[in-house]
Amino acid sequence: MVELSELQQERLKHKPQLPAILKNKFSLIKPKTGKKTGSKSDEKKLQEIFKNTFGKPIITFIKGKNNNINKNPINVGVVLSGGQAAGGHNVICGIFDALKKANKKSKLIGFLGGPSGIIENKLKELTKDIIDKYRNTGGFDMIGSGRTKIETEEQFEKTKINVIKNKIDALVIIGGDDSNTNAALLAEYFAKEKMNTQVIGIPKTIDGDLKNEEIETSFGFDTAVKIYSELTGNICRDVLSAKKYWHFIRLMGRSASHITLEVALQTNPNIALIGEEVLQNNWTLSKIVDYICDAIIKRAELGKNYGVILVPEGLIEFIPEFKELIKNLNEIMAKNEDELNKIENTKDKKEFIYSKLNESLVNLMKSLPDEISSQLILDRDPHGNVVVSQIETEKLLIEMVQKKLKEMKKQGIYKGKFAAISHFFGYEGRCGFPSNFDANYTYALGYNAVLLILNGFTSYMSAIKNLTEQPKKWNAGGIPLTMMMNIERRKGEDKPVIKKALVDLNAKPFKVFSALRDELKIEDKYISPGPIQYFGPAKIVDRITKTLKYERSKR
Ligand code: FBP
């Protein structure tokens, strides 16, 4: 347990606000059932895979007498899965408080170190003493997290054994798209095995890409973007003071560029690359380099040899030639896992891979700096994703921009000075003290999950909506996990997965940014939003992200 600072001790006392509907006695909250649901696409295939759990209705909690709610003591297991996101502890606190409110004899069991805790039966009971030390804290250290995917027959079998052994009535899985896909598979497995164990998912990821018509945002995004915006804003201020560096800032976000777009909206950098746009326009790496050089040259002509460029972590996978390369590498690495594991040195690994790639992809890999081509063949995560947090795209861009500017200098096109500094803002944003928004949202998500459980639901995601309003006006309910799914290629096979929400280039957040960006390239219109505030005027402490505001506001 980390030592508590004075601010943290003060935050322990913060009482998260619940949506008004959830403040009622549980026997006075009833589920309103919508129509049967389908899926994002591939409905037939998904129906086959989820024979017992496909097609459930959307649930909304409304006020009304509920005689069917489970009043018996129950045991709920909770697991944190994947990357850290601010508010994870508050989800657990919300589950705990709701469970105890329903029945003091109910128990909350934390599985340790992520989904592997369920498989390996590593757990601890979460008592009031433990819970009270983690209220409104960042991090996942109360029970730890991990990226193990429950996928083999043996793993499912072990999960079943441990769930039965520990008399777990329901499991709450706090995770991103992949972990919630796993939650759906687990719910289906339990149903197939005629077990009564329910499974409820919670939408977590700083990346902000677990959202759809029904899920407005994932938790952790709000805090992470506020932290990155503070850091980026500070750099902008430094740039304007020193006027001598170009800062290339890579921002986390494994695939979608939501984080970069939001930070751009909050800080007005000179350039923000958006992966989804790069893909749509089929921009090659050299086109991106030209785009950056153009801004550098124009600013140099105005005597501005400085600037700020935001690079989304997932950019590399959107550049067409790299998309193709990574797709091929993923397949080769999945199919030849055992052989590759036996090869110790990276040079030999690369040679092995080159023997399986076509000539143009080999040439592309060979054209890259050695570190970058090595980073591209690092082990995939358990869900088969390339680990983009380890690929230093910002450094690759600096190197290529430097080269291009040198050529242009020789041709007399560029007369400025170029000195670049690289940054990666990633892990800094995941475990900060949850913003008020994330503290409230996560607590409500956990609390609401218990209500779904007590009403007998399984294979649902806890859903809190109407988030642009004050928490008391938020709505609560459940969204069927299969409703968000489609079939995608993973580790060389077609798999059911929850569809990731990429940046929508026709939606307001991107449109606001793109309307401004030509001006931002040349003018210095930087904004320094400052740190997250926890105490003070509502317009400061309860500020929501621009993404959420633009996507959801009726205004
Ligand atoms: P989740 O999707 O699991 O929430 O993780 C998000 C993330 O923070 C990405 O932004 C990043 O690329 C990745 O995790 C880093 O993974 P790791 O923590 O394993 O280094």
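Remember, it's 1-based here, ligands and their atoms both numbered in the order they're listed. The structure displayed is predicted, hence computed values, not measured ones. Count residues from 1 along the sequence.
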With nothing but distance in play, are any N or O atoms of D177 less than 3.5 Å from an N or O of ligand 1?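 There is no such contact.
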
State plainly whether the residues K226 and D222 are in salt-bridge range, i.e. N to O under 4.0 Å.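 A salt bridge is present here (some side-chain N lies under 4.0 Å from a carboxylate O).
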
May I ask you to decide whether R490 forms a salt bridge with D178, counting only side-chain N to carboxylate O separations under 4.0 Å? yes

Output the list of atoms in ligand 1 that are nearer than 4.0 Å to some heavy atom of [X], sorted by atom number.
{"X": "Y427", "value": "15 (C), 17 (P), 18 (O), 20 (O)"}
{"X": "G83", "value": "1 (P), 3 (O), 4 (O), 5 (O)"}
{"X": "G82", "value": "3 (O)"}
{"X": "G253", "value": "10 (O)"}

Any chance NZ of K122 has more than 12 other-residue heavy atoms, nucleotides or ligands included, within less than 6.0 Å?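 Counting neighbours around NZ of K122, 12 or fewer heavy atoms of other residues, nucleotides or ligands fall under 6.0 Å, so no.
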
Once you restrict to heavy atoms under 4.0 Å, what part of D207 touches ligand 1? Side chain, backbone, both or neither.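 Answer for D207: side chain.
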
Can you check side chain to side chain donor-acceptor pair (under 3.5 Å) on Y427 and S389, steps first, answer last? CA-CA 9 Å; Y427 297 95; S389 61; 3.3 Å; yes

Would you say K549's side chain and R543's backbone share a donor-acceptor pair under 3.5 angstrom? no

Any donor-acceptor N/O pair, N270 side chain to L520 backbone, under 3.5 Å: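 Yes; at least one donor-acceptor contact below 3.5 Å.
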
Taking the side chain as every heavy atom from C-beta outward, state whether S528 and N234 have any atom pair closer than 4.5 Å.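 Of all side-chain heavy-atom pairs linking N234 with S528, at least one is under 4.5 Å.
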
Ignoring hydrogens, just give me the one of [options] whose non-hydrogen atom is nearest [atom].
{"atom": "atom 5 (O) of ligand 1", "options": "R254, K204, R147, M252", "result": "R147"}
{"atom": "atom 1 (P) of ligand 1", "options": "T205, I206, I259", "result": "T205"}
{"atom": "atom 7 (C) of ligand 1", "options": "R430, E313, K500", "result": "R430"}

Any atom of ligand 1 sitting under 4.0 Å from a heavy atom of G176? no

